[in-house]
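Protein chains get the first letters and strands the later ones, always in sequence-line order, with residue 1 at the start of each.
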Protein chains: 2
Amino acid sequence: MQYSNQKRLLVAVDCIIFGFDGSEYKLLLIQRGFAPEKEKWSLMGGFVQETESLDEAANRILNQLTGLHDIYMEQIQAFSRPDRDPIERVLAIPYVALIDIEKYQRQINDNFHAHWFPLKSLPKLIFDHQEMVDLALNKLRYKAAFHPILFELLPDKFTLPQLQAMYEGLYETKIDKRNFTRKLLSTNLLKKEKEKDKSSSKKGAYYYSLDEGHYKDNFLSIHNFMPKSEIFFESN
Amino acid sequence: MQYSNQKRLLVAVDCIIFGFDGSEYKLLLIQRGFAPEKEKWSLMGGFVQETESLDEAANRILNQLTGLHDIYMEQIQAFSRPDRDPIERVLAIPYVALIDIEKYQRQINDNFHAHWFPLKSLPKLIFDHQEMVDLALNKLRYKAAFHPILFELLPDKFTLPQLQAMYEGLYETKIDKRNFTRKLLSTNLLKKEKEKDKSSSKKGAYYYSLDEGHYKDNFLSIHNFMPKSEIFFESN
DNA sequence: CCAAAAGTGTTATACTTACACCCATGC
DNA sequence: GCATGGGTGTAAGTATAACACTTTTGG
């Protein structure tokens, strides 16, 4: 049985994959392998198959590209301009993923010609992909101000200076390290490890890890790194 | 030209229409006019047409139901379970709308048998519509804590007690009226009118209206009406 | 021994919370 | 004149923001 006289559409999922390399944010892009816009830089995407949900499609596509599973992903809003794809109408549902760049070791999948680009200097993207990235970044800025999601970008053990650099990068602002440390530690989400990371200084910085026990019970208080006026009028 | 060998899907938009009657939140529902689930309570929905975007579809559908245009609407995330509609796979994109119940005066459109139900006592809804409503409400709670959107539910002139009742209803909490007043007035979004509303007390409460001049320049500071732990782990 | 990054405390200010009485009016 | 809901201020506690010096160690 079918609903009659209604137009059916192609539905695609596009993956916006953010990484952080310790000093700047990066976006994983591929060179599109088919027409139109063949060879142009693009988000990794694919059509939703008959028996999968959007979440499943997004995970399948991310896995094809990076070989990774169980990655933090979240749906961004649908893009629906009828003419957004010149070949045929395609409804696109972008997903954001946050991954630790180290975990993605240019796996088997060189066939996609994937490349990390600094967010500050992206190449021109096909269709409305740049819009998707902008929206996703905005949403990430908004959400990270209240939710402990940026940790997804770091390895299991990380240092406070790394964490601070991540927040500073996202909000393009300087944060006083004493205030930052105090606020993050006050959440009880962090557990201090015994070892130090000496890769970026002679003295070395203590490693921390997420304290899973507290992860569910506690919460970060509000980070005011983002100007309040932006919190208010931008984003979702 | 077309992309080959790909399944195309029906895409529907469903409208989650919230109202506030001065003491409780309501949801506008219709009795579905066609099979399956004919006569059951449902969100107002419709299929996306060939030449319209999702936003356009949502506005068209809302207008069909209520006769209203230029209403605040926002996309919620896509629902994509392959079997969510028993007839045929349909991807649903819900939209939330906030409307002033007074403005919707059971227009011409009685043909849809629309009815306002208190959110607390909704009938059983078809498919996954209850899930959509829950998600939308969550998102509204979250967003209203930082953005001045609840005003959309009120007429142009409203009183502080009305406004307070709206926040109290949304967060299911009591708020001290002195603190509430101070915080809202400190935003500079409100302009005091000369007239009073005497409909709910003998003394009468002053009307306020949104000060459009300040609407863009200023911002509300954060309302802590919602427990922080919820801000943290729920919603978008 | 010195350069470079990590770590740590205090004070002033702003914001949040808790709390209670008088006011205006219609009946 | 009294019952009902509207309006208003203050003080204590908590969170934020601004600020500079000492520690460690590899070279």
Side-chain angles (χ1 to χ4, degrees), chain A residues 22-23 145-146 154 157-169 171 173-208 218-232, chain B residues 22-23 145-146 154 157-169 171 173-208 218-232:
Chain A
S23 66
F146 306 99
L154 292 175
K157 304 199 171 171
F158 49 84
T159 66
L160 291 178
Q162 280 168 13
L163 199 54
Q164 182 172 344
M166 223 167 43
Y167 278 89
E168 290 183 338
Y171 298 111
T173 183
K174 287 277 161 217
I175 304 171
D176 180 277
K177 64 181 167 178
R178 286 164 291 189
N179 294 339
F180 181 81
T181 305
R182 185 183 313 113
K183 184 175 270 182
L184 269 287
L185 291 180
S186 77
T187 64
N188 280 54
L189 284 172
L190 300 186
K191 204 166 64 219
K192 194 175 190 169
E193 302 288 329
K194 288 179 202 67
E195 320 88 71
K196 283 182 159 188
D197 166 31
K198 297 212 163 187
S199 66
S200 71
S201 78
K202 292 154 186 171
K203 182 177 180 184
Y206 280 105
Y207 280 117
Y208 285 79
N218 272 286
F219 52 88
L220 284 179
S221 67
I222 291 156
H223 298 298
N224 289 337
F225 310 140
M226 180 157 48
K228 284 186 187 173
S229 55
E230 284 189 31
I231 292 187
F232 232 89
Chain B
S23 65
F146 307 98
L154 292 174
K157 304 200 171 170
F158 49 84
T159 67
L160 291 177
Q162 280 169 13
L163 199 54
Q164 182 172 344
M166 224 166 43
Y167 278 89
E168 290 182 338
Y171 298 110
T173 183
K174 286 279 160 213
I175 305 171
D176 180 279
K177 64 181 167 179
R178 286 164 292 190
N179 294 339
F180 181 81
T181 305
R182 184 184 313 115
K183 184 175 269 181
L184 269 287
L185 292 181
S186 77
T187 64
N188 280 56
L189 285 171
L190 300 185
K191 204 166 64 218
K192 193 175 191 170
E193 302 288 328
K194 288 179 201 69
E195 321 90 71
K196 283 182 158 187
D197 166 32
K198 298 211 162 186
S199 65
S200 71
S201 79
K202 291 153 188 171
K203 182 177 178 182
Y206 281 105
Y207 279 117
Y208 285 79
N218 273 288
F219 52 88
L220 284 179
S221 68
I222 291 154
H223 298 298
N224 288 337
F225 308 140
M226 178 156 52
K228 282 187 188 172
S229 54
E230 285 189 30
I231 292 187
F232 233 89

Using only modelled atom types and a 3.5 angstrom limit, is any donor from either the side chain of [X] or the base of [N] paired with an acceptor on the other?
X: R182(A); N: dT16(D); result: no
X: K198(B); N: dG26(C); result: no
X: K203(B); N: dA24(C); result: no

- What nucleic acid atoms does T181(B) come within less than 4.0 Å of, heavy atoms only: base, sugar-phosphate, or nothing? nothing
- Mind checking S200(A) for me? I need base, sugar-phosphate or nothing, with any heavy atom below 4.0 Å counting as a touch. sugar-phosphate
- Could you walk me through whether F180(B) and L163(B) pass side chain to side chain contact (heavy atoms under 4.5 Å, CB included), step by step? CA-CA 9 Å; F180(B) 181 81; L163(B) 199 54; 4.0 Å; yes
Nearest-nucleotide pick for [X], side chain only, options being [options]:
X: K177(A); options: dT8(D), dA20(D), dT24(D); result: dA20(D)
X: K202(A); options: dG26(D), dT10(D), dG5(D); result: dG26(D)
X: N179(A); options: dA18(D), dG26(D), dG7(C); result: dA18(D)

When the distance from [atom1] of [X] to [atom2] of [N] is rounded to whole Å, what number comes out?
X: D197(B); N: dG26(C); atom1: CG; atom2: P; value: 13 Å
X: F158(B); N: dG6(D); atom1: CZ; atom2: C1'; value: 16 Å
X: L160(B); N: dG7(D); atom1: CG; atom2: P; value: 6 Å
X: F180(B); N: dG9(D); atom1: CZ; atom2: P; value: 18 Å
X: D176(B); N: dC15(C); atom1: CG; atom2: C1'; value: 15 Å
X: Y208(B); N: dG6(D); atom1: OH; atom2: C1'; value: 10 Å
X: E193(B); N: dG7(D); atom1: CD; atom2: P; value: 14 Å
X: L163(B); N: dG5(D); atom1: CG; atom2: P; value: 19 Å

- Message: If you take the centroid of each ring, where Trp contributes its six-membered ring, are F158(B) and Y208(B) closer together than 6.0 Å?
- Response: no
- Query: Is K157(A) positioned over the aromatic face of Y207(A), cation under 6.0 angstrom from the ring centre and no more than 45 degrees off axis?
  - Reply: no
- Message: Please check this pair: side chain of Y171(B) against backbone of A145(B), looking for a donor-acceptor N/O pair closer than 3.5 Å.
- Response: yes
- Item | Exam field: side chain Q164(A) to backbone I175(A), donor-acceptor pair closer than 3.5 Å | yes
- Message: For K196(A) and R178(B), find the nucleotide of DNA chain C closest to each by heavy atoms; which residue's nucleotide sits nearer the 5' end?
- Response: K196(A)
